[in-house]
Amino acid sequence: MTKRTEIAEYGEFALIDHLTGNFRAADPSTVKGPGDDAAVIDAGERYMLLSSDMLLEGIDFDLTSFPLKHLGYKAVVTGIGDILAMNGIPRQITVSIGVSAKISVEQLEEFYSGIRAACEEYGTDLAGGDTTASVRAACEEYGTDLAGGDTTASVTGLAIAVSAVGTVEKDKISYRSGAQTNDLICITGDLGAAYMGLHLLEREKRAFRGNDNPHPEFGGYEYILRRQLQPYARLDVVKELHEAGIVPTSMIDLSDGLASDLLQICKSSRCGARIYLEKIPIAKETHRMAEELNADPVVAALNGGGDHELLFTVPLSLRDKVARLGGVDIIGHVTAESTGAALVTPDGGDIQLRAQGFK
Ligand code: ADP
Ligand code: MG
């Protein structure tokens with residue numbers, strides 16, 4: 001019998017390492033392959049950056065509560081976030097979709113209106129893509145049956161793949177791996193809001209299940225909803241960094257939550273970290289929603305994900321310069337690898353951070 005290993009035995013990060021660890025770059029222009037936010041390609045005077053992301057209905061988004069225009073916008077934000085995380089400027093994207101007969105042309109037009117809005121906002125061009133019919137549509141067309149009923153939900157859903165291309169001056173690139181002991185750990189915006197927005201959407205969906213004319217209650221929670229449905233990619237911050245002449249020693253986009261993403265920096269940079277709980281930026285609405293749901297806003301910030309903010313490190317000597325940038329908070333500092341990554345609570349206690357990622 002052939003061996004079968006379950007994905008859960010690895011988990012997301014170990015699985016990626018396992019599958020990609022044996023690849024060695026053969027082309028001399030490949031500067032960095034898998035392992036950072038984007039691949040780095042030597043394009044002569046500058047580096048070219050390339051990233052790809054996949055979004056699946058039922059896993060990454062729920063079409064019953066996610067307007068398609070917002071979804072198109074968010075797909076672009078997800079794609080270019082990885083370019084920004086290398087301190088690069090996004091230039092082009094390609095968008096590929098897997099569709100089934102369940103979705104209409106009008107819905108796809110909505111989706112592309114969101115893509116257009118994001119392309120205009122971030123000065124990025126749509127440069128191509130691919131369109132495939134999913135298994136269900138193909139089965140219907142060819143009159144064949146799909147074996148295995150319980151997987152149909154995922155194979156008939158909307159699948160979105162975004163590739164993004166960007167550029168960065170060679171001396172301005174930020175990898176995950178450059179953090180040095182004593183560097184300051186910085187965060188843009190605030191954390192946990194997207195996650196609380198998701199909880200709010202789910203609560204309203206549960207409350208109105210089976211109701212033909214639902215009027216969900218979102219009053220007073222516009223901010224966290226926007227953070228979930230229409231996140232902003234921090235192109236503004238990357239431009240500000242360029243203008244201020246600050247090159248982060250390391251950077252990552254916050255996609256999986258502060259704990260997980262900081263641990264990625266620690267792993268790549270072979271360093272530890274100390275971050276201070278009371279310095280983690282959390283919006284008032286996030287606190288209020290968490291209280292209403294009996295959840296901990298700090299847990300939302302650490303493990304929630306989806307914030308699309310940037311986490312970066314800079315040398316201690318740049319403290320004043322960074323403090324002058326609007327909307328950037330210094331939440332801690334880089335330590336030696338042996339100390340691990342710890343969250344310091346107001347009473348001085350240490351909590352070791354743990355990675356999330358899918359199982
Ligand atoms: P992000 O959350 O920033 O998109 P991931 O954690 O998904 O990054 O991926 C980490 C690194 O692993 C990236 O460099 C990515 O390109 C690479 N990677 C992820 N999945 C695959 C795959 N299936 N094949 C090759 N490389 C992959
Ligand atoms: Mg990333």
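Both counts, for ligands and for their atoms, begin at 1 and track the order of listing.
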Run the numbers on Y221 and E292 for side-chain hydrogen bond (donor to acceptor under 3.5 Å, both in side chains), then give the verdict. CA-CA 12 Å; Y221 285 122; E292 226 177 89; 2.6 Å; yes
When you look for heavy atoms under 4.0 Å from ligand 1, do you find them on the side chain of D53, its backbone, both, or neither? side chain
Near S255, which atoms of ligand 1 are under 4.0 Å from a heavy atom of that residue? 2 (O)
Of the side chain and backbone of K32, name the one, both, or neither that has a heavy atom under 4.0 Å from an atom of ligand 1. neither
Are there more than 12 heavy atoms of other residues, nucleotides or ligands under 6.0 Å from atom CG of D347? yes
Does a side-chain heavy-atom distance below 4.5 Å link I187 with I275? no
Just going by heavy-atom distances, which of I252, T20, D37, L50 is nearest to atom 25 (C) of ligand 1? T20
Show which atoms of ligand 1 fall inside a sub-4.0 Å distance from at least one heavy-atom site of R176. 3 (O), 8 (O)
Could you tell me which atoms of ligand 1, counted from 1 in the order shown, lie closer than 4.0 angstrom to a heavy atom of D36? 11 (C), 13 (C), 14 (O)
Are Y73 and Y232 near enough that their ring centres are under 6.0 Å apart? no
Whether the side chain of K32 engages the backbone of L49 through a donor-acceptor N/O pair (distance < 3.5 Å, no angle test) should be reported. no
contact_flag M54 ligand 1 heavy-atom lt 4.0 Å: no
Does CZ belonging to R116 count more than 12 external heavy atoms closer than 6.0 Å? no
Heavy-atom count check: over 12 atoms from other residues, nucleotides or ligands less than 6.0 Å from E121 CD? yes
D82 contact mode with ligand 1 (heavy-atom cut-off under 4.0 Å): side chain
G33 to ligand 1: N or O pair under 3.5 Å? no
Could you work out, for atom 17 (C) of ligand 1, the closest of L15, D261, I16 by heavy-atom distance? I16
